[in-house]
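Taking it in order: structure first as structure tokens, then the write-up.
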Amino acid sequence: MRLAIRATTQPHTSSPSFSKPNPSFSHATTPTLPFNKSQLAWDSLKRDSVQCNSPKLGHRWTQYQGINQWEGLLDPLDDNLRSEILRYGQFVEAAYRSFDFDTSSPTYATCRYSKASLLTRTGMKKSGYRITKNLRATCGVKLPKWISSVSQLPRVQSSWIGYVAVCQDKEEITRLGRRDVVIALRGTATSLEWLENLRATLTNLPNHMGGNASEGCMVENGFLSLYVSKQGRCPSLQDMVREEVARVIQSYGDEPLSLTITGHSLGAALAILSAYDITTTFQNAPMVTVVSFGGPRVGNDKFRGRLENSGTRILRIVNSDDVITKVPGLVVHDDDVASNNGFHVASLQSWFRRVVEDMQLVYADVGQELRLSSRESPFLKKGDVATCHDLKTYLHLVNGFVSSSSPYMSKTTLYPTEAYL
């Protein structure tokens, strides 16, 4: 029997080879997933699976949004939480599917679908949500004009990066136990966004985000630039998020309401910045939860403290084989003391920390972590950097994860939100 998996392909783009990542950056961050086709067919997986209907969360919804930091739900992974993680991952996948990756197209870096049709066109016809706002991110990096004559890559300063969707279906609101608002953000797609990613040193939060240089609360330069930069008549991502959140609170603030910000890669980093901005800007903000996939580090330990004090709940889904989750910078713990043959080297470690701090490269991980591993799945290529970071890999691993002692189930439950992959 020949086995094959039906995976996502981006219109107008060729399927990239994962063994040699395309340096033009013109393809999606989440292209066709190179599962081992000799071992897995999605149809075969369906036959070996147990169908699971979307769970009714009801009054327990705050638990699944992290009110108790997902205590008792992550190891082993609660099936209801698994279903919710996959559902939010689908919103991010819809953002990827909607983005125009064709660098030769006059609509490059825009959304290919209207707000009314986006979810339907990307496989989410029965989501119960309606898109209320498109979001754009503007790069603060400006390259010299002579570079344009050397490279044929388009220098798009402002690009469509995601959307806001509000749950409108009464049955879905009842199932969820509240009206849910989703902000979904894609990962890196344009050449200038890649350049922003490389600006890995930390910088102080600006005053309009509660920054105070004397407090030492710092975030990554490039991520902050993409969040706050604006161009001409195009407002910043920050302005658009604030405007829509204010409208949502005014419209639905009298009923149970949640705000879930979800993203992959760069989108995961921007999701954390957005969540922090919302919880510190709006005194009447609803419960804010981040569900991030394959996200890099965002800020230092002072920023982590700010996030925790703001009440933001962050669930980071991490593939331990994904290098993107280990950058930028370094995490240096104060209580780390190394020794070698009885020789105490704490002073050397302290010196190393000071050096790294002077370089503005000491970061801190945030939130609660659901740690997965590509090596535990018999269906994935091993040692493939791009595969380990792919969003579909993350959804595949979430779907199969049981617990840290039993990382992968042999017969996978098929959750409706993953069936379209």
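Nothing here was measured: the structure is a model prediction, and the numbers come from that model. Residues take their numbers from the sequence shown, with the count starting at 1.
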Roughly how far apart are [X] [atom1] and [Y] [atom2], rounded to 0.5 Å?
| X | Y | atom1 | atom2 | value |
| --- | --- | --- | --- | --- |
| K115 | K133 | NZ | NZ | 7.5 Å |
| K392 | N399 | NZ | CG | 14.5 Å |
| S98 | R186 | OG | CZ | 11.0 Å |
| L370 | F293 | CG | CZ | 9.5 Å |
| C111 | I161 | SG | CD1 | 12.5 Å |
| H264 | E93 | NE2 | CD | 9.5 Å |

Does a side-chain heavy-atom distance below 4.5 Å link [X] with [Y]?
| X | Y | value |
| --- | --- | --- |
| T262 | L185 | no |
| S159 | Y108 | no |
| S377 | L397 | yes |
| E84 | L57 | yes |
| Q63 | N80 | no |
| D180 | Y129 | yes |
| V327 | E220 | no |
| T138 | R136 | no |

Using atom types as modelled and distance alone, determine if a side-chain donor or acceptor of [X] lies under 3.5 Å from a backbone N or O of [Y].
| X | Y | result |
| --- | --- | --- |
| N319 | C388 | yes |
| S229 | S225 | yes |
| T393 | T387 | yes |
| S114 | S117 | yes |
| S251 | V248 | no |
| N300 | V362 | no |
| R178 | T174 | no |
| E193 | T190 | yes |
| W194 | E196 | no |
| S265 | G267 | no |

Does atom CG (N284) have a neighbourhood of more than 12 heavy atoms from anything else shown, all under 6.0 Å?
yes

Residue pair [X] / [Y]: nearest heavy atoms and the distance that separates them:
| X | Y | answer |
| --- | --- | --- |
| G177 | P256 | O-CB, 4.1 Å |
| L226 | L237 | O-CB, 4.0 Å |
| P55 | R175 | O-NH1, 2.5 Å |
| V141 | L195 | CG1-CD1, 4.4 Å |
| L257 | W61 | O-CH2, 3.9 Å |
| L315 | L81 | CD2-CD1, 4.5 Å |

For R304 and D301: C-alpha separation, side-chain torsions, deciding distance, then whether salt bridge (Lys or Arg N to Asp or Glu O under 4.0 Å) applies.
CA-CA 5 Å; R304 176 177 60 190; D301 56 349; 5.3 Å; no

Scan I85, L77, I317 and name whichever one has a side-chain contact (heavy atoms from CB on, under 4.5 Å) with F401.
L77

Picking from I183, T289, V164, what satisfies side-chain contact (heavy atoms from CB on, under 4.5 Å) with L259?
I183

Do V288 and I261 pass the side-chain contact (heavy atoms from CB on, under 4.5 Å) test, and can you show the C-alpha distance, the side-chain angles, and the key distance before you say yes or no?
CA-CA 8 Å; V288 178; I261 313 176; 4.1 Å; yes

Decide yes or no on ring pair (Phe, Tyr, Trp, His ring centres under 6.0 Å) for Y276 and F303, but give the supporting numbers first.
CA-CA 9 Å; Y276 166 79; F303 178 67; 5.4 Å; yes

Worked check of side-chain contact (heavy atoms from CB on, under 4.5 Å) between M218 and K302
CA-CA 7 Å; M218 308 179 82; K302 297 291 181 62; over 6 Å; no

Derivation and outcome, side-chain contact (heavy atoms from CB on, under 4.5 Å), residues T280 and M209
CA-CA 8 Å; T280 55; M209 292 182 68; over 6 Å; no

Please work out whether the ring planes of Y163 and F91 are parallel, tilted or perpendicular, with thresholds of 30° and 60°.
tilted

Would you please classify the geometry between the F101 ring and the Y96 ring as parallel, tilted or perpendicular, with 30° and 60° separating the classes?
parallel

Residues [X] and [Y] bridged, charged N to O under 4.0 Å:
| X | Y | value |
| --- | --- | --- |
| R82 | D79 | yes |
| E172 | R179 | no |
| E215 | R306 | yes |

Just do the side-chain contact (heavy atoms from CB on, under 4.5 Å) check on S320 and R375 with the steps written out, would you?
CA-CA 9 Å; S320 59; R375 288 170 292 179; 3.9 Å; yes

Step by step, work out the side-chain hydrogen bond (donor to acceptor under 3.5 Å, both in side chains) result for H208 and Q238.
CA-CA 11 Å; H208 68 274; Q238 178 187 44; 3.0 Å; yes

Test side-chain hydrogen bond (donor to acceptor under 3.5 Å, both in side chains) on T110 and D100; report intermediate values, then the result.
CA-CA 6 Å; T110 65; D100 187 349; 4.8 Å; no

Might you work through the salt bridge (Lys or Arg N to Asp or Glu O under 4.0 Å) test for K126 and E171, ending with a clear yes or no?
CA-CA 11 Å; K126 297 181 180 180; E171 291 185 5; over 6 Å; no

Going by distance alone, is a donor N or O of one side chain under 3.5 Å from an acceptor N or O of the other, for Y113 and T122?
no

Is a side-chain donor-acceptor pair under 3.5 Å present for Y227 with D277?
yes

For the pair S236 and D239, evaluate side-chain hydrogen bond (donor to acceptor under 3.5 Å, both in side chains) and give the outcome as yes or no after the intermediate values.
CA-CA 5 Å; S236 66; D239 292 337; 3.1 Å; yes

